[in-house]
Each structure stands twice: as structure tokens, then as C-alpha cells.
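Presented below is the structure to which this report refers.
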Amino acid sequence: MPELPEVETVARGLQMTVAGRKIISVTLGKTDFIDNPAELEQQLPGQHISRIERFGKFMLVRLSREADGSNSATSGDSLLVHLGMTGHLSPHAAAEPFPKHTHVRFLLDDGRELRYTDARRFGRIAYLAAEHLLKELGRFGADPLEIGEAEFETLLRSHNSRIKALLLDQTALRGVGNIYADESLWRSRIHPMRIASNLSVKEARTLRKNLQAVLREAIALRGSSIIDFLDADGEPGEYQRRHRAYGRERKPCYRCKTGIRRAIVAGRSSYFCPKCQPAPRSARKRSKRRKTVTHRRKRTS
DNA sequence: CTCGATCCCTGGACGC
DNA sequence: TGCGTCCAGGGATCGA
């Protein structure tokens, strides 16, 4: 499940291996996850890949009509690529047979093919001219690695949603997904159902620090390989070995040995330590009768 | 504004 | 061995 660290890893790999190459042709398979497939076929051949960067969970393939994309002669057009859950983008020898679920093949001028494979097709590819790109990118929130303390504080204060939901909201912060949300909350001892605006100043600082630390450490280890994430060289990441909460249901908390719990928050599995990350009152089972019946009973299970 | 539900999609795990 | 069922989850969308 590619989140910020995994996408960063792939983008860096591609920057090393395919930046500067010219796209000769484009071959499409299934296109229901592509915004404008015909435009890919029309616009891409002849353009150069000037640079590959990460933007949230997107990869941004910057294109140029010139061989040297170093200056602003770049067309400004870009390919926006989201890996969804199971997307892969990596170069291969063009002669190598391509696997099932290979939906886009960019033939490069050095005999290789940049291939996009995605079994579930939860990903997205869009060819965007400069103006549309800016508009598209404008929908997203701050980069979690760049956001400052004051801005983070303001963000939390202005949302009454659960902190987990806020972390996952790409229009609030771009790039955080389920794994790193849970990991940063565990480190910060904050329950995923806490209301963002209710966090103390100290908690907000702690959370921002831990979120950034988790993301940086994960990038250094080339991401987490949970299901089938592989970097651009086809190598798995190592960060899954460092997970302290995510995927550890019933396993002992690394701090207090209490069994890690799993609950659905913001529609996603959320893992947390019930002792280190105390639940807010608002997280108690919501009953439609709660307004009138204020009884409390012993915790069940 | 915020929530949950639903859908998209396929493969892997699991039970029988 | 094979089949049915459930689950994973990023994101869009819709109704409450």
C-alpha cells in the first residue's frame, strides 16, 4: 500500500533510472483508471522525462519537448501517477514479457519500457497540461514533512473530526495513509478516535514530530512492504519490521505489553494500544439512545 | 461539517 | 483440488 515513503522511494528510483529518457510510444491496456487515455497516446510520444518527483501519494512525471529539460523550456505538462493499492511503475527491457495487469507501457529511447501494472486498478494516471496540473495539485493539503509547527497546530484546531480521519484526509495533509497514521499515533500515545481540535498543544507538537520521524525513517528503509510493494528496482522495503502498531492485533505493545487492538476508524482498520493510547469519551460505543439513557456499564470485552 | 455506507477491483487467506 | 466467502484499502460519492 504505497503511502508517502513508498512513493518517495519509487520516485527516487525512477529519477535515477529513467529521467532524461525520451518516450517513443505508448501502449495501453485497460484504461478505466486513466483520466484521458487518448491524450496519453497523442501527447507523450516525442516528449522527454525531465524529472520525477513525489507529490503526496502521487508521482509527478515532468515532461519536456526538449532533450534538455533543465530549464523552463519544459512544456510544463506532466503525468500524474497514483499507485493506488497495488500499482507499480518500473522500467524493464522491452523484450521482457510483460505480466498480467500491465496496463500502460511507455517505450523509451534506450530500448527499455516503463511499465505500469496494477491488478486492482485503484490507481490513477492523468496527463495534465501545466494549468490543469496546478489546479489539480491545489486540492491537496500540506506535505507532512514540510508542515511547520504553527501550521500543524492550526490544522488540528480547525477540524472537529477524529485525528485518524484528519491524518488520512489528503486535502488536509498529503501523503499519509493508514500505516503511518497508526504508527505516528502509537508513538504519540494518541488514540485514533480523539477529536483533532481537542488535542493539547503538547500533543500536537508530539504528533507532528513523530509523524515526521516515522516518515523519514520509513523513507530511509525504502518503505514498508506489506503486500506486494516493491521499489523501482523490484526490491522490497524494510520498514514493516519497524511497525509498532499497524497489523499487530493482539500482539503485545512494545511499550507496555498490553495487547494491541484493532478497530475501524474513518472506515479503516486502526491499530492502537488501549492502554498507552487512552480512548476519548467520544469513542465510547455510540448508541442512538445515549441522549436519554446515560447509564454506564462495565466495559465489555 | 462529519459521519458511515457503498462502490470500484483482484488476489490471498481461510473454511469446508 | 477446488469453491465460496471474507477481507484488504485509497478515494469518490451520496445520504444522514
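Note that the structure is predicted; figures quoted are calculated from it, not measured. To find a chain, count down the sequence lines: A is the first, B the second, and so on, and within it residues start at 1.
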Mapping A:Arg268 and A:Ile195 to their closest nucleotides on DNA chain B, which lands nearer the 5' end? A:Ile195

A:Met85 CE to B:dG12 C1', straight-line distance once rounded to whole Å: 13 Å

Starting from C1' on B:dC1, measure out to NE2 on A:His159 and report it in whole angstrom. 10 Å

Measure from CG on A:Asn178 to P on C:dG11 and round the result to the nearest Å. 11 Å

Ignoring hydrogens and geometry beyond distance, is a side-chain donor-acceptor pair present between A:Tyr127 and A:Asp35 at under 3.5 Å? no

Any side-chain N or O of A:Arg121 under 4.0 Å from OP1/OP2 of B:dC7? no

Aromatic contact, A:His191 with A:Phe272 (centres under 6.0 Å): yes

What is the separation between atom CZ on A:Arg157 and atom C1' on B:dC1, rounded to the nearest whole Å? 18 Å

Please check the phosphate of C:dG10 (OP1 and OP2 only) for any side-chain N or O of A:His82 closer than 4.0 Å. no

Give a yes or no on whether A:Arg157 atom CZ has more than 12 heavy-atom contacts from other residues, nucleotides or ligands under 6.0 Å away. yes

Send over the distance from A:Asp182 CG to C:dA8 P, rounded to a whole Å. 13 Å

Looking at A:Arg54 and A:Val7, would you say the former's side chain and the latter's main chain have a donor-acceptor pair under 3.5 Å? no

Go through C:dG9, B:dT2, B:dG11 for me and flag the one nearest to the A:Ser161 side chain. B:dT2

Distance below 4.0 Å between A:Lys100 side-chain N/O and B:dG11 OP1 or OP2: yes

Side-chain N,O (A:Lys30) to OP1/OP2 (B:dC9) below 4.0 Å: no

Take the protein atom CG of A:Leu168 and the nucleotide atom P of C:dG9, then report the distance between them rounded to whole Å. 11 Å

Closest to side chain of A:Ser269, choosing from C:dG9, C:dG10, B:dC3: C:dG9

Less than 4.0 angstrom between a side-chain N/O of A:Tyr246 and OP1 or OP2 of C:dG9, yes or no? yes

Against the side chain of A:Lys57, the closest entry in C:dG10, B:dC3, C:dG9 is C:dG10

Starting the side chain at C-beta, find the nucleotide from B:dT2, B:dT10, B:dG11 nearest to A:Asn160. B:dT2

Taking atom P of C:dA12 as reference, at what distance in whole Å does atom CZ of A:Arg120 sit? 18 Å

In whole Å, what is the span from the CZ atom of A:Arg124 to the P atom of B:dC7? 23 Å

Is there a ring-ring contact (aromatic ring centres under 6.0 Å, His included) between A:His82 and A:Phe58? Walk through the geometry before answering. CA-CA 5 Å; A:His82 195 298; A:Phe58 285 94; 4.8 Å; yes

Counting only side-chain N and O atoms of A:Gln170, is one of them less than 4.0 Å from OP1 or OP2 of C:dG10? no

Would A:Phe122 pass as stacked on C:dG10, i.e. its ring centre under 5.5 Å from the base's six-membered ring centre and planes under 30° apart? yes

Checking all strands, does A:Arg262 fall into the base, sugar-phosphate, or nothing category for heavy-atom contacts under 4.0 angstrom? sugar-phosphate

Nearest to the side chain of A:His101 - C:dG11, B:dG11, B:dG4? B:dG11

Expected output: side-chain A:Arg112 to main-chain A:His92 donor-acceptor under 3.5 Å: no

Of the candidate nucleotides B:dG11, C:dG9, C:dA12, which contains the atom at the shortest distance from the side chain of A:Arg139? C:dA12

